[in-house]
*Asks:* 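What follows is a single structure, and I will ask about it in a moment.
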Amino acid sequence: MSILVDASTRLLVQGITGREGSFHATQMVEYGTNVVGGVTPGGRGKTVAGAPVFDTVADAVKETGANVSIIYVPARFAPDAIYEAVDAGIPLVVCITEGIPVNDMVPVYAHVKASGARLIGPNCPGLITPGQAKVGIMPGFIHAEGPVGLVSRSGTLTYEVVDALTRAGLGQSTALGIGGDPVIGTSFVDALGLFEADPATEAIVIIGEIGGSDEEDAARYIAEHVTKPVVGFIAGRTAPPGKRMGHAGAIISGGSGTAAEKISALEAAGVRVAESPYQVPGLLQAALAG
Amino acid sequence: MNVHEYQAAEVLAAHGIPVNAGQVATTPDEAERIARDLGSGVVAIKAQVHTGGRGKAGGIKLARSPQEARDAAAAILGMDIRGHTVRKVLVVPGADIAQEFYLGVVLDRPNRRTLVMASGEGGVDIEEVARERPERIHRQLADPVLGLHAYQARQLGFALGLPADKVNGFAAIAQRLYATYAAEDASLAEINPLVLTGAGDWLALDAKMSFDDNALFRHPSIEALRDPDEENATELEARRGGISFVKLDGDIGCIVNGAGLAMATMDAVKLHGGEPANFLDVGGGASADQVARAFGLVTADPAVRAILINIFGGITRGDVVAQGIREALGRVNVAVPIVVRLSGTNAEEGRRLLAEAGLTAVDTMDEAAAQVVRSAVA
C-alpha cells in the first residue's frame, strides 16, 4: 500500500512534447511508471517516451483510461491545463509548474474542490511510491520501498532527507512534495490524513519552511488525529522577515510564519523536530522503537 | 514587488477610489511650491520609502505654511528610516478627519481565498490590532470567481457600526479595493486610514500596495512603478538572471540548487557557528552559466570570506555539475576559499574533478557547513 499513486496508476503527461515534459516522461517511464499517454494541443499522432500524444485531455482519457495527470506546461498556460484535466474527469492532477500567479490559483483551487478532484502543487516536485510509480521530477534512485510517509513543501530539500533515510535503511511508502506556493491544492493536513489511514505507513516525516501557517495547522491535526510517530524539519531558522526566500510562499510577514513558531507548534503536538536533515533518520528510528 | 504610497494612491485613484491628491517632491524647494499651490491650509509632508513605521521615525510632519513645508521636507529628505534613505516626499493637503478606519485586501492562505478586512481602529498598526484585539477586525472572504459581493461589503460596513446612510459609500470603496487587488494582481491592497471627513465624504488618506512578482508579466504599467533605489542592486541583477538572491548580514556566501535546500543550508551554516551572507537558489540544473552568474553575485559582497556550494545533483549528473563549477571558476575570479558539497549520480567522479581543481569537495551538507565555517575563520 501507499498513498495516491501505485502500480495501478495510469499516467498522462500534459505538455509532453516540451523540453521538460519529454525529458521527465522518459525518466518516469525508465523508473517503471505506467505512462499511458501525453497531451499537447496539435500534437496528435506523435509518440514521446513510447506514449501516444493526444490533442486534448478528454481524448486521452477516452483512449487510455488515464487516472492521474502530471502538468509540465509554462505558468501562463498551467491553470488552463489544470481545468482541462479536472473537467476531463481525472481524479488526481499533479502540477509541477512554478510561477503561476496567485490570483489565477484561487479560482483553480475552488474549481478542483468543487469537482471532487485532488490537485498536488503547483510549484512542487510531485510524488513517488518507490518501486511502483514516480509521478514527478525527483531522482528515483535515491528512494527505497519502506514504511516512512514523507510530505514536504520543498524539492531538493526533500531529496536530501529521502537520501538520508534511504542510506539509514528507512524506505518510503510514498514521498510527496506539496509545493512552495501560497495557494496549493493539497496541504500538510490532507497528506497527514492520507498517511494516517495508509496501513503501509508506520511513521511520518513532515518537512516545512517559513511562511503561512500550514505547519501550525498540521501540528493541531497531528495532536488530534495522528497516532503514528511524526518527525519534522523546518527550513529557514535564519531567514529574515519580509523577504521572499525563493518560493513564493516562503516569506515571514507581519511577524508570523517564522520557523521558531512552527517548530514550537510541532513540538507541542509531540512531533520530534530535527535541527538538521541528517538527524531525521535517527529521530525516526527512536520514534519507531517506541 | 512593493511600490510607494503615492504610486499606490495613483493605482487606487485609477480604480475610482477617492484619494487625498498630492504631489511628490524631491527637494525642499519643490515641497514649498507644491504647498503653495495647494492653498492656505495645513499640508502633510510624508516620507516615501518602502517600509512601515514612517510616523514613529519622524518621517511624517504637518506644516501650516509653505515655509514650514519647506523646512519639514528638508528635515525628512535624506533621513534614514529602517535602512531606507528618503529620496522623495509626498505633499498632501490636510484632511478634516471625523472618523478613521482600516480597509485591506490580502490572500487568506489557510482558506485559499481573498480576504477583505475592515476595522474601526484606523490609522494604527493593524498587525498589533490583529494580535491584541482580533475581535475588532471584521472579515469577509471573497468568492473565488465572483469576487466581493455587494452584500458582503455592506456587512463589513454594518459591522463597523456605520450609520445606514454611510454604509453604501463604504461598501462601494470596499468593492473597488477588492477589484483593484484582483485586476492588478496585487498581493496586498491597504487603505489605512480610510477616513470619513467632517463633510461626510470618504477619503483614502494613506495607501499601501504590493504586487505578485509572478503576475508582473501582464502588468507593464505596474512593473514601470519599480523604484531601483529601494531595491538591492544585486537582488535585481540576480532576478534578471533567473536566480533567487537575498542579501544577509553574515560572511559565508551560499550557492544552492533549490529554495528549501538553500534555506536549510543557511541554517546549517548557522548551526556550525557561522553566519550566512546570502540566500541563493541557482535553480534546478546548476549549469556553468548559472553557477558563474552566482559566483559573480556572491563575490560582489566584500563581507564574504568563504563560499559554500551545495548541489543536490539528483537527475543532473554530479560530474556535469563539477565541470560547470570548474568552467565557471575559469570565467570568474574568486579569491576566497570554496567548499563544495556535491551529491547525486556520478558524485564521486564530480568530487574528484573538483579536488583536481583545488577545491574542497565533500559528501554531506553538514560536513560542508562545518568546513566552510572553519575556512572562513582561518
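Order of the sequence lines fixes the chain letters, A, B, ..., with proteins taken first and strands second; residue numbering starts at 1 for each chain. What you see is a predicted model; the values in this text were computed from it and never measured.
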*Asks:* Quick one: what part of B:N2 sits under 4.5 Å from any heavy atom of chain A, side chain, backbone, both or neither?
*Replies:*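 Looking at B:N2, nothing touches chain A.
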
*Asks:* With rounding to the nearest 0.5 Å, note down the distance linking CZ in B:F312 to OG1 in A:T158.
*Replies:*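 Nearest 0.5 Å value for the CZ-OG1 distance: 10.0 Å.
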
*Asks:* Picking from B:L107, B:T114, B:N111, B:D143, which has the most non-hydrogen pairs under 4.5 angstrom with chain A?
*Replies:* B:L107

*Asks:* Considering only heavy atoms and a distance below 4.5 Å, find which of B:L271, B:D366, B:L216, B:D185 pairs most often with chain A.
*Replies:*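 Ranked by heavy-atom pairs under 4.5 Å with chain A, first place is B:D366.
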
*Asks:* Hey, could you give me each pair passing side-chain hydrogen bond (donor to acceptor under 3.5 Å, both in side chains) that has a residue in residues 240-255 of chain B? Not counting sequence neighbours.
*Replies:* B:K247-B:D301

*Asks:* Answer whether the closest heavy-atom distance between the side chains of A:Y159 and B:L261 falls below 4.5 Å.
*Replies:* no

*Asks:* Output the option from A:G208, A:S276, A:A75 having the highest count of non-hydrogen pairs under 4.5 Å with chain B.
*Replies:*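 Sorted descending by pairs with chain B, the first entry is A:S276.
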
*Asks:* Report which part of B:A268 has an atom under 4.5 Å of a heavy atom belonging to chain A: side chain, backbone, both, or neither.
*Replies:*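 Contact with chain A: none, neither part.
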
*Asks:* Check each atom of B:E275 against the heavy atoms of chain A and say whether the ones under 4.5 Å are side chain, backbone, both or neither.
*Replies:* neither

*Asks:* Return the CZ to CG distance between B:R218 and A:D104, rounded to the nearest 0.5 Å.
*Replies:* 4.0 Å

*Asks:* Between A:E209, A:R237, A:H247, A:E160, which has the largest tally of heavy atom pairs under 4.5 Å with chain B?
*Replies:* A:E160

*Asks:* Heavy-atom distances under 4.5 Å only: say whether B:D212 touches chain A with side chain, backbone, both or neither.
*Replies:* side chain

*Asks:* Between B:R113 and A:V106, is there a donor-acceptor pair closer than 3.5 Å when you use the side chain of the first and the backbone of the second?
*Replies:* no

*Asks:* Between A:Y278 (side chain) and B:M365 (backbone), is there a donor-acceptor pair under 3.5 Å?
*Replies:*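 Yes; judged by distance alone, with no hydrogens or angles, the pair exists.
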
*Asks:* Given a strict heavy-atom distance threshold of 4.5 Å, which part of B:A142 is in contact with chain A: side chain, backbone, both, or neither?
*Replies:* neither

*Asks:* Can any side-chain N or O of A:R76 pair as donor or acceptor with the backbone N or O of B:F217 at less than 3.5 Å?
*Replies:*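 No; zero donor-acceptor contacts below 3.5 Å.
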
*Asks:* Nearest 0.5 angstrom please: A:E275 CD to B:D267 CG, how far?
*Replies:* 10.0 Å

*Asks:* Heavy-atom cut-off 4.5 Å, strictly under: side chain, backbone, both or neither for B:R239 against chain A?
*Replies:*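 Looking at B:R239, nothing touches chain A.
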
*Asks:* Would you indicate whether the side-chain heavy atoms of A:D214 and B:R109 approach each other to under 4.5 Å?
*Replies:*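 B:R109 vs A:D214: side chains apart.
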
*Asks:* What pairs with B:S187 under side chain to side chain contact (heavy atoms under 4.5 Å, CB included), at least two apart in sequence or on another chain?
*Replies:* B:S210

*Asks:* With rounding to the nearest 0.5 angstrom, report the CD1 to CZ distance, A:I184 to B:R112.
*Replies:*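 Answer rounded to 0.5 Å: 5.0 Å.
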
*Asks:* At what distance, to the nearest 0.5 angstrom, does CZ of A:R153 lie from CE of B:M263?
*Replies:* 7.5 Å

*Asks:* Do you know which of A:D217, A:D163, A:I207 has the most heavy-atom pairs with chain B at a distance under 4.5 angstrom?
*Replies:* A:D163

*Asks:* If I measure from the heavy atoms of chain A, does B:T364 come under 4.5 Å with its side chain, its backbone, both, or neither?
*Replies:*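 Contact with chain A is through both the backbone and side chain of B:T364.
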
